[in-house]
Amino acid sequence: SSYKQDSSPRYNARDGAVVRARIEEAVVILGSGSPSLQSFHNAEQGRYRLLTMPERVDSRPLPEVEIVDMRETGGEEQNEGILGKRLKEAIEDTITKGEQVILFLNRRGFHRSLLCRRCGSRLTCPNCDVALTYHLEENRLTCHYCGYRCPINLKCEKCGNGELRSLGFGIERLEQEIKDLFPTARVARMDTDSTRRKGRAGSILRRFGAGEIDILAGTQMITKGYDFPGVTLVGVIQADQSLSVPDFRAAERTFQLLCQVSGRAGRGARRGRVLIQTFSPEHYAIRCATNHDYKAFFEQEMALRAGLSYPPLSHMACLLLQGNVRETTAEAAEGLRSIMTSMLDAWTDRGREINVMGPVEAPIAKLKGRYRWQLLVRSRNMGLMRHFLVRCEDHWMKRFRRTGIRLSIDIDPYNMV
């Protein structure tokens, strides 16, 4: 996903590299410990040549991975805190031995959201259809999409009540809990907020590499590519969090994240351990990541994709409409659907090869002050789908050009939110 550009001009640098290599008669090496289903499928189909490295350097063993079922412990609901008993004991044992710990939680902020105690309404951003997140260091509520900030002393917009209740937790609260539980440990946090100043990220990594930090807590920033021989324990908090994202790639992303962060443990002479706290221990993405079994995950996920005819077994495009008025944007989305249906009805032979889904409101229905609707187009024939989309865009421009509603088309989308 790092190679996918989600804003205009939209493109995938991986695919661009493959096309460029074909033109130049060059070789492309796509390297990953957890390749995308699309790339692995291409290898299975003979489009790519598959080279595998089944062992770590110097034949070092992969870390031992253990699932901690938070349904049995009760988790935070039973006042146990963010860290379960099993993970607390493992952290204590690790730092006592003079070894290092990485804790991964892919959520910024202190509290995830605030609720009104009287009516239960969630405090949301005025520009986006998302909850405001409380940040302890700034003592402010922040929207992570548009950057809106406001003081904490707000009243509920619906009932005017000023009593608020916090819900959920983020990386800042995890950092605070670690410091409370292990007061003698040297703790650092690495996320977008703590590394905003130039050079801050490099400074944290240098100190961690030099052994000046015992416990590093972080978001997705800490999962990829780092090689710290002193890290023998990795703890994953809320491993199933990414499974709830409304995106057909949610399981794939979860599996990749767990594999990547697990790979930070045991890269030196001592074998590593990974503890994964989850409320969904039976999910195949978590089970396969625990067993370091990419092939098993690939087979299960591909079976689901085949049943839905989803990529990589087909091609997909996301058509996103954004406007200032919800009703007008909804009408334009229906108008675009009508255009597409009429075109497919006229293509008596090839029209059945293209499937149009929607329109529906986007998972985040309002973003940066604009209302959002989506349509998905799916086809096994990329050339036919591209021709169809060009024709759709032409009709759209003639009919809706002066409405102020923007249409963007993303082929092979990686962000469906």
Side-chain angles (χ1 to χ4, degrees), residues 32-37 40 52-73 75 80 82-97 99-107 174 178 214-243 250-301:
S32 175
S34 51
S36 68
L37 261 71
F40 199 82
T52 60
M53 293 186 291
E55 295 182 353
R56 277 181 159 184
V57 65
D58 294 334
S59 298
R60 291 171 186 160
L62 289 167
E64 176 189 351
V65 185
E66 176 184 342
I67 292 179
V68 179
D69 188 348
M70 297 302 284
R71 297 174 304 183
E72 297 177 358
T73 66
E80 186 176 331
I82 300 172
L83 301 176
K85 180 181 178 182
R86 191 86 181 87
L87 186 51
K88 289 178 192 173
E89 292 172 349
I91 294 172
E92 180 71 46
D93 180 59
T94 302
I95 60 178
T96 300
K97 293 177 180 176
E99 298 166 359
Q100 293 174 295
V101 180
I102 286 179
L103 297 177
F104 169 62
L105 172 62
N106 204 23
R107 186 173 290 279
L174 173 61
I178 296 167
D214 300 312
I215 304 173
L216 178 62
T219 56
Q220 192 169 339
M221 296 177 69
I222 66 172
T223 63
K224 297 182 181 179
Y226 297 121
D227 183 30
F228 297 112
V231 176
T232 57
L233 175 66
V234 167
V236 181
I237 319 299
Q238 285 193 334
D240 39 26
Q241 177 179 273
S242 52
L243 291 173
E252 181 179 358
R253 286 202 179 99
T254 301
F255 176 82
Q256 289 173 331
L257 272 176
L258 292 178
C259 287
Q260 288 161 3
V261 74
S262 297
R264 302 314 104 210
R267 300 179 70 87
R270 292 160 289 192
R271 189 177 186 186
R273 296 175 60 200
V274 181
L275 268 66
I276 299 177
Q277 293 189 171
T278 176
F279 288 92
S280 305
E282 71 288 340
H283 196 281
Y284 64 94
I286 294 175
R287 284 288 175 191
C288 291
T290 301
N291 297 324
H292 311 286
D293 194 343
Y294 179 87
K295 196 65 185 297
F297 172 77
F298 176 81
E299 291 172 354
Q300 291 190 63
E301 182 68 9

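Every value quoted in this text rests on a predicted model; they were computed, and no experiment measured them. The figures here come from the full heavy-atom set of this structure, side chains too, leaving out hydrogens, waters and symmetry mates.
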Not counting sequence neighbours, which residues clear side chain to side chain donor-acceptor pair (under 3.5 Å) with [X]? List them please.
X      : result
Tyr226 : none
Thr52  : none
Gln238 : none

Using the test salt bridge (charged side-chain N to carboxylate O under 4.0 Å, His left out), find all partners of [X] that sit at least two apart in sequence or belong to another chain.
X      : answer
Asp93  : Lys97
Arg56  : none
Arg60  : Asp58
Asp240 : none

The criterion is side-chain contact (heavy atoms from CB on, under 4.5 Å); which residues satisfy it with [X], sequence neighbours excluded?
X      : value
Glu64  : Arg271
Glu301 : Leu37, Ala251, Tyr284, Phe297, Leu304, Arg305
Thr232 : Thr94, Glu99, Arg270

Would you find a donor on one side and an acceptor on the other, under 3.5 Å apart, between the side chain of [X] and the backbone of [Y]?
X      : Y      : answer
His292 : Pro63  : yes
Arg264 : Thr223 : yes
Asn106 : Thr219 : no

- Query: Tell me the salt bridge (Lys or Arg N to Asp or Glu O under 4.0 Å) pairs involving residues 272-294, sequence neighbours left out?
  - Reply: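 Checked against salt bridge (Lys or Arg N to Asp or Glu O under 4.0 Å) - neighbours excluded - the pairs reaching residues 272-294 are Arg71-Glu282.
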
- Could you give all pairs that pass the salt bridge (Lys or Arg N to Asp or Glu O under 4.0 Å) test and reach residues 215-237, with sequence neighbours left out?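 Every salt bridge (Lys or Arg N to Asp or Glu O under 4.0 Å) pair that includes a residue of residues 215-237, provided the two are not neighbours, is Asp227-Arg267.
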
- Rounded to the nearest 0.5 Å, what separation is found between the CG atom of Leu174 and the CD1 atom of Ile215?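 CD1 of Ile215 is found 9.5 Å from CG of Leu174.
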
